[in-house]
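Note sheet for the following structure.
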Amino acid sequence: LWPWLLASSGLSALVQLVTLPFFPDSPSYLLIQKGNEEACRKAIRKLWGEGDHQAEIDDIMKEKGAMASTKTLRVLEVIKERSLRWQLYILMTVMTTLQLCGINAIYFYSFEVFHTAKFEEYLIPYVSLGVGLCECLSTILCSTLIDRFGRKVLLWGGYLLMCSVLALLTMTLSLQHRFFWMHYFSVILIFLFVVFFGIGP
């Protein structure tokens, strides 16, 4: 079953490969990059139907004018540019915390935690699959919450809840040999951590 499950991810790639040639090019790409206004209008009509789409074309023309007046910076120029310093710091901080937040450790050691929780050997891969499904569902949930609460609230809240769960998980793993129910609490915490990771970072 697992080889088929892994191979199923290639199905979406195959569908894209077959259907992509029939999709129209982006109107902004046709107008800004190619300079072809007629092809842009045709693509807009194909995407949005017949009608007056002059306002959309005007917006794309404004974007083209803004891009023409903006200088493209190389990597070293971005690092040296003082006006971009804070944006660069924020971006680096978010990317670093994303890598060091503990999600990889959770996925790596979850098998051991499930094994210690006395799950049957044949059930553990399915519980791990449940963890992945949990992340997928929480990411979908995040897409509905992000407009309501904003990115900053979800990032701060996600990291705060993840830190709390990791602290509790450290405690439950330390005490799992003293209390039999700690194993199950650790499993619940792993699922919670993955949910908070999907909603936040």
[atom1]-[atom2] distance between [X] and [Y], expressed to the nearest 0.5 angstrom:
X	Y	atom1	atom2	answer
Phe197	Ile103	CZ	CD1	5.0 Å
Met182	Leu189	CE	CG	9.5 Å
Leu47	Ser26	CG	OG	8.0 Å
Cys40	Ile60	SG	CD1	4.5 Å
Asp25	Leu30	CG	CG	5.0 Å
Ile199	Met162	CD1	CE	11.5 Å

Do [X] and [Y] have side chains that approach each other closer than 4.5 Å (heavy atoms only, starting at C-beta)?
X	Y	result
Trp86	Tyr89	yes
Gln54	Arg41	yes
Phe119	Val127	yes
Tyr159	Leu155	yes

Can you hop from [X] to [Y] via hydrophobic side chains spaced under 4.5 Å?
X	Y	value
Ile106	Leu160	no
Phe149	Val195	yes
Leu123	Leu129	no
Met92	Ile79	yes
Phe108	Leu166	no

Taking atom CZ as the centre, does Arg85 end up with more than 12 heavy-atom neighbours from other residues, nucleotides or ligands that are less than 6.0 angstrom away?
yes
Measure up the Phe191 and Phe114 rings against each other and bin them: parallel (under 30°), tilted (30 to 60°), perpendicular (over 60°).
tilted
State, to 0.1 Å, how close [X] and [Y] come at their nearest heavy-atom pair, and which atoms those are.
X	Y	result
Ser138	Gly198	OG-CA, 3.3 Å
Ile190	Val131	CG2-CG2, 4.3 Å
Glu37	Leu31	CA-CD1, 3.7 Å
Thr172	Leu169	OG1-O, 2.9 Å
Ser186	Leu173	OG-CD2, 4.0 Å

Under a 3.5 Å threshold, yes or no: a donor from one side chain and an acceptor from the other, between Tyr107 and Glu135?
yes
Under a 3.5 Å distance rule, please check whether Glu77 uses its side chain to pair with a backbone N or O of Arg74 as donor and acceptor.
yes
Pair Tyr184 and Trp181, ring centroids less than 6.0 Å apart
no
Take Leu175 and Met171 through the test side-chain contact (heavy atoms from CB on, under 4.5 Å) and record every step on the way to the result.
CA-CA 6 Å; Leu175 297 172; Met171 190 174 70; 4.0 Å; yes
Of Glu120, Glu121, His183, the residue whose pairing with His115 passes side-chain contact (heavy atoms from CB on, under 4.5 Å)
Glu121
